[in-house]
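Shown next, in structure tokens, is the structure this report addresses.
Computed over heavy atoms, backbone and side chain alike; hydrogens, waters and symmetry mates excluded. As the structure is a prediction and not an experimental result, all values here were calculated from the model.
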Amino acid sequence: MEMKKWGISTMIGLVLGSTGQAQEVFVPDTICEVDTNVVMRKGKEHGWGMSNRLYTGYRRGWTVLDQLDVMYSKEKWDVMGTVTASDVSRSDRQITARSSGLGKGWAQSSKVLSEGRQENLSALFSANYRLDNHHSMGVRYNLERVPDHHSTSFVISNVQTADTTFETSLLGGLPFEQSTRQGLDFYYNGKAGEWKMTLDAGALWKKERRITEIIGDIKDAGGLRDEEFNALNRINGQLYAVGLLLSHPLWGGNLAFGGEYAYGNYRNRYRNRQGVLENANVRIGENTAAAFVDYNHDFGKLKAKAGLRYEHVESRYYDGGERRTEYDRRYDHVFPSASLAWPIGKVEMQADYAMGIVYPSYSQLCAVTVYNNRYSYTEGNPLLRPSLRHQASLKATYRWLYFNTEFLHIRDGIMGSSHSYSAETPYVIVGAPVNAPARDQLSATLVASPVIGIWSPRLSLRCSKQWFSLATPKGRIKLNKPISTLNWVNNLELPFGFRLNVEAMVNTDGHSMNYFFKKPRWYANAGLGKSFLKRSVDVQLQVTDLFNSNDPDVAIYYSNIRSTVDDNNSRRTFHLNLRYSFNAVRSKYQGKGAGGVQKRRM
């Protein structure tokens, strides 16, 4: 698994809660998102409404975002549109070191410096129509467009073998990306007698274009020489899905059943002019069908629920237009689930069990090797299997106290791995996803969130331990050191309508999958806000990572390679949000969307 290119990011317009604990993947880069969960003041039942959000922030460069929401409702109609534009500053500072257990004991270190900008345009339109009190339908269209994502990067590298310098290099890159993603969804909710029905249908189209241009100098035993690489990567994807849910009271409880079908088509084409890597043209076509049934019943104070889901997946793999049957996949799985909830005095208890599956993304399955720089490539793995999970949890809630303990057993978990590209170039490292050995994980979370006058604190503590071992050049090692996360959020309602938010989070060192977080890390955030004109205008000023303290120092273990990453991206960031709203209400669109899991795999 590769580190996120831009490091740990902060969501614009929000002071984050406890999302910093070590997980199997890093925090998604959500620097500029459309704010679809805005809490708006209650507007009139009919007529026009609007909300406008202007954001600006500074972190080694300025970021600007503007989001306009317009809504109209009249009698049975509800219509809403959103347009968002942003210009985002990107910055990366990272030091990596890799050592290989192959051959002469190769070691390679690099320092990465990158600056760039990304332009984003998005639009969303939804229309909802209520036929009567029992029937409603709606349609939603969304567009996400990145017309320009460019950067300038420099990579300074040193390659050694047996304590002798093999080569040094200074390489500059000018990567450029464009992407378009469109989605169309439809829903219908209806009721006839005691029968209830929900129908969802959706489609997704995506297109990406990535250009890689690298030039620089390499110095080795033969002297100084030039290096040049050019590549074009095109990715196209389409997905179509439909889902049906029916429910009816049965034997004093409620029975729900239905099904879902999705078809995905994904194509990845890669060309490089110098012939350093093989050109590729890979296509994956996949059909997924599922059926499920759930039944819930109350036995006095005991609430019980049980369910069963069946999934059938078939995919076909094509390379250069030719069928590769050895990479075709066919899976049939049955997933049970059960839940019990009951009170003990004033304590609410709940026990849950579920079996689930995580399928590899389409890009992880494509056998396409992509050039990152002279010493680092990335490729997919068409033999990757889905990850099966058994999850059991016990929860307890008492007033403002919440406790949760959870056990996970994961088989064929997907993790990042690395290997040398060839015996001739052992210093070139290829990152690829692989299936990990079975892993168990136990975690416990305690949250206290009282309200004390004007002060609303939330203190949470999470401890997690895994049982996981991995073969390395130095033998099999255990990666079992637990990780703890302490998060303290304070919200205060001050005089004159001011709102103060102060948050601190601490992560200990420890293991997560094949990652070892070598040292504790922490951050502190603070924000001040105030509303004006009967809450029609809201202003928020925030500072995140006040002390530039949230840099992870990570060691990553693979079968024959050990990598360390010193991420120097932690930096104090200033955020300013201005919002104006008039008669603004939430959209009444009730569709849940079909094929959500498959869409995320795109």
Check: Checking side-chain hydrogen bond (donor to acceptor under 3.5 Å, both in side chains) for the pair Gln274/Asn230: CA distance, chi angles, key distance, verdict?
Finding: CA-CA 7 Å; Gln274 288 77 14; Asn230 307 90; 2.8 Å; yes

Checklist line | Any Arg273 side-chain heavy atom under 4.5 Å of Phe229 side chain | finding: no

Next item on the list: In sequence, state the C-alpha distance, the side-chain angles, and the governing distance for Ser512 and Phe517, and then conclude on side-chain contact (heavy atoms from CB on, under 4.5 Å).
Entry: CA-CA 8 Å; Ser512 179; Phe517 293 87; 4.2 Å; yes

Notebook entry, point to check: Per the ring-ring contact (aromatic ring centres under 6.0 Å, His included) rule, which among Tyr327, Tyr362, Tyr266 passes with Tyr317?
Noted result: Tyr327

Next item on the list: Identify whether the distance between the nearest side-chain nitrogen and carboxylate oxygen of Glu286 and Arg601 falls below 4.0 Å.
Entry: yes

Note to self: Please evaluate residues Asn525 and Thr544 with respect to the criterion side-chain hydrogen bond (donor to acceptor under 3.5 Å, both in side chains), reporting the C-alpha separation (whole Å), side-chain torsions for both, the decisive distance (0.1 Å), and the verdict.
What the structure shows: CA-CA 4 Å; Asn525 302 333; Thr544 54; 4.8 Å; no

Notebook entry, point to check: Under a 4.5 Å cut-off applied to non-hydrogen side-chain atoms, are His419 and Ile429 in contact?
Noted result: no

Next item on the list: Nearest 0.5 Å please: distance from the OG atom of Ser581 over to the CG atom of Asp538.
Entry: 8.5 Å

Checklist line | side-chain hydrogen bond (donor to acceptor under 3.5 Å, both in side chains) evaluation trace for Gln238 with Asn265 | finding: CA-CA 5 Å; Gln238 304 87 37; Asn265 182 65; 2.8 Å; yes

Notebook entry, point to check: So which heavy atom on Gly243 is nearest to which on Ala594, and how close?
Noted result: N-CB, 3.9 Å

Next item on the list: Output, in order, the C-alpha distance, side-chain angles, deciding distance and verdict of side-chain contact (heavy atoms from CB on, under 4.5 Å) for Val146 and Glu144.
Entry: CA-CA 7 Å; Val146 179; Glu144 299 173 13; over 6 Å; no

Margin query: Using a 3.5 Å distance criterion without hydrogens, assess whether the side chain of Glu177 forms a donor-acceptor pair with backbone atoms of Arg209.
Written below: no

Checklist line | Nearest-0.5 Å distance, CG of residue Leu174 to OG1 of residue Thr152 | finding: 5.0 Å

Notebook entry, point to check: Side chain of Asp78, backbone of Lys588: donor and acceptor closer than 3.5 Å?
Noted result: yes

Notebook entry, point to check: Do you know the tightest heavy-atom contact between Thr369 and Tyr377?
Noted result: CG2-CB, 4.0 Å

Note to self: Which heavy atom of Gly47 sits nearest to which heavy atom of Asn583, and what is that distance?
What the structure shows: C-ND2, 4.3 Å

Item checked: Gln441/Arg439 under side-chain hydrogen bond (donor to acceptor under 3.5 Å, both in side chains): CA gap, chis, key distance, verdict -> CA-CA 7 Å; Gln441 178 177 306; Arg439 178 171 68 98; 2.8 Å; yes

Margin query: For Tyr141 and Phe125, I'd like to know if the aromatic rings sit close, meaning centre-to-centre distance below 6.0 Å.
Written below: no

Item checked: Any Ser114 side-chain heavy atom under 4.5 Å of Arg90 side chain -> no

Margin query: I want to check something: taking the side chain as every heavy atom from C-beta on, are Val313 and Asn287 in contact at a cut-off of under 4.5 Å?
Written below: no

Note to self: Between Tyr310 and Phe335 (judged by ring centroids, cut-off 6.0 Å), do the two rings come close enough to count as a pair?
What the structure shows: no

Margin query: Any carboxylate oxygen within less than 4.0 angstrom of a Lys/Arg side-chain nitrogen, looking at Arg117 and Glu119?
Written below: no

Check: Are the side chain of Asn381 and the backbone of Pro433 linked by a donor-acceptor contact shorter than 3.5 Å?
Finding: yes

Check: Are Arg271 and Glu278 within salt-bridge range, i.e. N to O under 4.0 Å?
Finding: no

Next item on the list: For side-chain contact (heavy atoms from CB on, under 4.5 Å), just list the numbers for Gln67 and Arg579, CA-CA rounded to whole Å, side-chain angles, deciding distance to a tenth of an Å, and then say yes or no.
Entry: CA-CA 9 Å; Gln67 176 180 333; Arg579 184 190 303 279; 5.8 Å; no

Next item on the list: Go through Asp69 and Arg53 one step at a time and tell me if the salt bridge (Lys or Arg N to Asp or Glu O under 4.0 Å) criterion holds.
Entry: CA-CA 9 Å; Asp69 303 294; Arg53 179 171 70 110; over 6 Å; no

Check: Between Leu54 and Asn577, is any pair of side-chain heavy atoms under 4.5 Å apart?
Finding: no

Notebook entry, point to check: Backbone N or O of Ser361 within a donor-acceptor pair of the Gln364 side chain at under 3.5 Å?
Noted result: yes

Note to self: I'd like to know if the side chain of Thr573 reaches the main chain of Arg571, judged simply by a donor and an acceptor atom lying under 3.5 Å from each other, with no hydrogens or angles considered.
What the structure shows: yes

Check: Looking at Asp185 and Lys599, does any basic side-chain N land under 4.0 Å from a carboxylate oxygen?
Finding: yes

Checklist line | Distance-only donor-acceptor check, side chains Glu115 and Ser91, under 3.5 Å | finding: yes

Check: Per the salt bridge (Lys or Arg N to Asp or Glu O under 4.0 Å) rule, which among Arg324, Arg267, Arg269, Arg283 passes with Asp319?
Finding: Arg324

Next item on the list: Step through it carefully: locate the ring centre of Tyr55, locate the ring centre of His575, and say whether they are under 6.0 Å apart.
Entry: yes

Notebook entry, point to check: Salt-bridged, Glu208 to Arg181, with N to O below 4.0 Å?
Noted result: no

Check: Relative to each other, are the rings of Tyr187 and Tyr589 parallel, tilted or perpendicular (30° and 60° limits)?
Finding: perpendicular

Check: Backbone N or O of Arg385 within a donor-acceptor pair of the Tyr331 side chain at under 3.5 Å?
Finding: no

Checklist line | Rounded distance (nearest 0.5 Å) linking atom CD of Gln178 with atom NE2 of His150 | finding: 12.0 Å

Note to self: Tell me whether Asn272 contacts the main-chain N or O of Leu277 through its side chain, where contact means a donor paired with an acceptor under 3.5 Å.
What the structure shows: yes

Check: Which heavy atom of Pro386 sits nearest a heavy atom of Asp412, and at what distance?
Finding: O-CB, 3.6 Å

Item checked: Distance-minimising heavy-atom pair for Ala290 and Arg309 -> CB-NH2, 3.3 Å

Next item on the list: Quick one: pull up CG in Asn373 and OG in Ser153 and give me the separation to the nearest 0.5 Å.
Entry: 8.5 Å

Next item on the list: Examine the side chains of Asn142 and Gln182 and answer whether a donor and an acceptor come within less than 3.5 Å of each other.
Entry: no

Note to self: How long is the straight-line distance from CG of Asn120 back to OG of Ser179, given to the nearest 0.5 Å?
What the structure shows: 8.0 Å

Margin query: Does any part of the side chain of Asp66, heavy atoms only, come nearer than 4.5 Å to the side chain of Asn52, both counted from C-beta?
Written below: yes

Checklist line | Any side-chain heavy-atom pair of Met415 and Val434 under 4.5 Å | finding: yes

Margin query: As a quick check of understanding, evaluate side-chain contact (heavy atoms from CB on, under 4.5 Å) for Gln540 and Leu576, giving each step before the final call.
Written below: CA-CA 6 Å; Gln540 270 191 312; Leu576 176 63; over 6 Å; no

Note to self: Determine whether a donor-acceptor pair (N or O, by modelled atom type, separation under 3.5 Å) exists between the side chain of Lys206 and the backbone of Thr180.
What the structure shows: no

Note to self: Can a donor-acceptor pair be found, under 3.5 Å and without considering hydrogens, that links the side chain of Arg329 to the backbone of Leu383?
What the structure shows: no

Item checked: Note, Ile414 side chain near Leu384 side chain (heavy atom, < 4.5 Å) -> yes

Next item on the list: Kindly compute the distance separating CD (Gln598) from OH (Tyr261), expressed to the nearest 0.5 Å.
Entry: 10.5 Å

Next item on the list: Grab the two heavy atoms, one from Ser315 and one from Ile284, that are nearest each other, plus how far apart they are.
Entry: CB-CG2, 4.4 Å

Item checked: Any donor-acceptor pair under 3.5 Å from Asn514 side chain to Gly416 backbone -> yes

Next item on the list: For Arg316, look at atom CZ and say whether over 12 heavy atoms of other residues, nucleotides or ligands are found less than 6.0 Å away.
Entry: no

